[in-house]
Amino acid sequence: MPWSPLAALSWALVLRLLALLWPPGRGEACSCAPAHPQQHFCHSALVIRAKISSEKVVPASKDPADTQKLIRYEIKQIKMFKGFEKAKDIQYVYTPFDSSLCGVKLETNSHKQYLLTGQILSDGKVFIHLCNYIEPWEDLSLVQRESLNHHYHQNCGCQITTCYAVPCTISAPNECLWTDWLLERKLYGYQAQHYVCMKHVDGICSWYRGHLHLRKEYVDIIQP
């Protein structure tokens with residue numbers, strides 16, 4: 001799914017666009033374009049750590065002819081990493097009721113905490129779906145947790161390109177090759193969990209884990 005400015009869209013329009021992407025007959029699967037956690041952070045209007053207190057099914061709009069439903073999660077915000085200029089303390093987040101429209105199912109009334117990324121719509125409501133980066137906080141690596149505070153935000157000028165097969169190369173000096181799928185056959189592998197695509201003073205971007213440079217196998221993969 002391409003990134004789009006959801007903040008400017010109404011609830012009804014957002015759900016109609018999602019419905020167009022997954023028409024009847026295609027099945028219940030939700031398809032999303034792969035994105036590194038750093039990309040999710042950079043393209044999201046809001047990034048928070050929260051617990052889920054309760055959930056409620058609500059109408060998507062005030063139009064009585066609109067049959068679409070949303071799940072409204074009441075949350076307890078623990079920390080905000082991005083979105084300070086658009087929101088303060090978030091009380092609710094909304095997601096499509098239908099899984100075919102990429103609705104997110106979260107655990108309520110538990111000790112589990114989540115990292116939530118999403119968009120802020122024109123009416124101020126926070127909208128999340130499966131194509132956002134939504135993970136249990138306990139599943140995040142130390143590098144990911146630390147990067148939420150500084151490194152992701154400071155390096156949004158870098159572009160991350162997913163590598164599916166060799167050879168794969170970068171086309172610009174500000175690109176990093178993301179090779180988790182190629183090497184591990186999963187998206188959020190070692191590179192997503194432990195590395196940040198960081199920009200140098202000369203404008204060139206490369207992978208770093210703290211003060212350590214990227215492991216050699218990730219560098220070799222760009223060679224034909």
Side-chain angles (χ1 to χ4, degrees), residues 1-7 21 29-50 79-83 102 104 113-120 127-200 203-223:
M1 176 185 291
W3 297 105
S4 58
L6 292 178
L21 289 173
C30 168
S31 300
C32 305
H36 187 277
Q38 182 173 335
Q39 291 173 292
H40 280 293
F41 182 96
C42 292
H43 291 123
S44 297
L46 185 80
V47 181
I48 60 174
R49 176 183 177 183
K79 185 172 183 178
M80 180 178 288
F81 300 99
K82 186 179 180 182
C102 294
V104 180
Q113 300 177 15
Y114 289 93
L115 174 70
L116 304 176
T117 70
Q119 305 299 328
I120 303 174
F127 186 78
I128 64 173
H129 52 75
L130 285 175
C131 295
N132 296 126
Y133 190 60
I134 298 172
E135 293 288 331
W137 183 258
E138 63 186 14
D139 291 348
L140 300 179
S141 70
L142 179 60
V143 170
Q144 287 175 313
R145 297 181 189 187
E146 292 178 342
S147 297
L148 289 167
N149 289 305
H150 302 291
H151 295 315
Y152 286 163
H153 177 73
Q154 293 170 350
N155 292 282
C156 285
C158 293
Q159 302 297 317
I160 299 174
T161 301
T162 307
C163 183
Y164 297 104
V166 291
C168 53
T169 60
I170 59 174
S171 58
N174 69 329
E175 285 186 42
C176 292
L177 283 180
W178 182 23
T179 59
D180 278 341
W181 178 255
L182 180 65
L183 297 178
E184 303 183 43
R185 284 296 181 260
K186 62 181 180 180
L187 286 179
Y188 301 127
Y190 194 86
Q191 196 175 6
Q193 294 173 347
H194 300 289
Y195 286 89
V196 179
C197 182
M198 300 184 69
K199 180 175 285 188
H200 303 270
I204 296 176
C205 293
S206 61
W207 293 109
Y208 276 88
R209 179 185 180 182
H211 298 292
L212 301 178
H213 202 275
L214 182 64
R215 292 190 331 199
K216 186 176 184 296
E217 57 264 38
Y218 295 138
V219 177
D220 290 344
I221 210 68
I222 69 172
Q223 301 300 328

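- Remark: Trp181 engages Tyr164, Arg185, Leu187 in a side-chain contact (heavy atoms from CB on, under 4.5 Å) (not counting sequence neighbours).
- The closest side-chain heavy-atom distance from Arg145 to Trp137 is below 4.5 Å.
- Atom OG in Ser206 sits 11.5 Å away from atom NZ in Lys199 (nearest 0.5 Å).
- Nearest approach of Cys168 to Leu177, heavy atoms of both residues: O-CD1, 3.3 Å.
- Judged purely by atom type and a 3.5 angstrom limit, Asp180 has no side-chain atom pairing as donor or acceptor with the backbone of Tyr188.
- By the side-chain contact (heavy atoms from CB on, under 4.5 Å) test, Pro173 pairs with Ile204, sequence neighbours left out.
- Glu184 contributes a side-chain N or O that, together with a main-chain N or O of Tyr190, makes up a donor-acceptor pair within less than 3.5 Å.
- Applying the side chain to side chain donor-acceptor pair (under 3.5 Å) test to Gln113 and every residue at least two apart in sequence or in another chain returns Arg49.
- Checked against side chain to side chain donor-acceptor pair (under 3.5 Å), Asp139 has no partners two or more places apart in sequence or in another chain.
- When all heavy atoms of Glu135 and Leu140 are compared, the pair lying nearest together is CB-CD2, 4.0 Å.
- Disulfide check for Cys32/Cys131 passes, with the SG atoms closer than 2.5 Å.
- Here the straight-line distance linking atom SG of Cys163 with atom CD1 of Ile170 works out to 11.5 Å at 0.5 Å rounding.
- At least one donor-acceptor pair under 3.5 Å links the side chain of Lys82 to the backbone N or O of Phe41.
- Counting all heavy atoms, side chain and backbone alike, Leu46 lies closest to Gly83 at CD1-CA, 4.1 Å.
- Here Cys102 contributes atom SG and Ile128 contributes atom CD1; the two are 12.0 Å apart, rounded to the nearest 0.5 Å.
- Between the CD atom in Gln39 and the CH2 atom in Trp178 there is a gap of 6.5 Å [rounded to 0.5 Å].
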Using ring-ring contact (aromatic ring centres under 6.0 Å, His included), reason through Tyr208 and His200 one step at a time and then give a plain yes or no. CA-CA 11 Å; Tyr208 276 88; His200 303 270; 5.5 Å; yes
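- With sequence neighbours excluded, the residues satisfying side-chain contact (heavy atoms from CB on, under 4.5 Å) with Ser141 are Val143, Gln144, Gln193, His194.
- In this structure, Phe81 and Leu115 have side chains that are in contact, with non-hydrogen atoms separated by less than 4.5 Å.
- Distance OG/Ser147 to NE2/His153: 13.0 Å, rounded to 0.5 Å.
- With sequence neighbours left out, the side-chain contact (heavy atoms from CB on, under 4.5 Å) criterion links Cys197 to Gln38, Cys158, Ile160, Cys176, Cys205, Trp207.
- Taking both residues in full, the closest heavy atoms of Ile120 and Ala45 are given as N-CB, 4.0 Å, listed atom of the first, atom of the second, then distance.
- In this view, Tyr114 satisfies the ring pair (Phe, Tyr, Trp, His ring centres under 6.0 Å) rule with no residue, not counting sequence neighbours.
- Under the 3.5 Å distance criterion, the side-chain polar atoms of Gln191 are left unmatched by any main-chain donor or acceptor of His36.
- Nearest heavy-atom pair across Thr161 and Glu175 is OG1-OE1, 2.8 Å.
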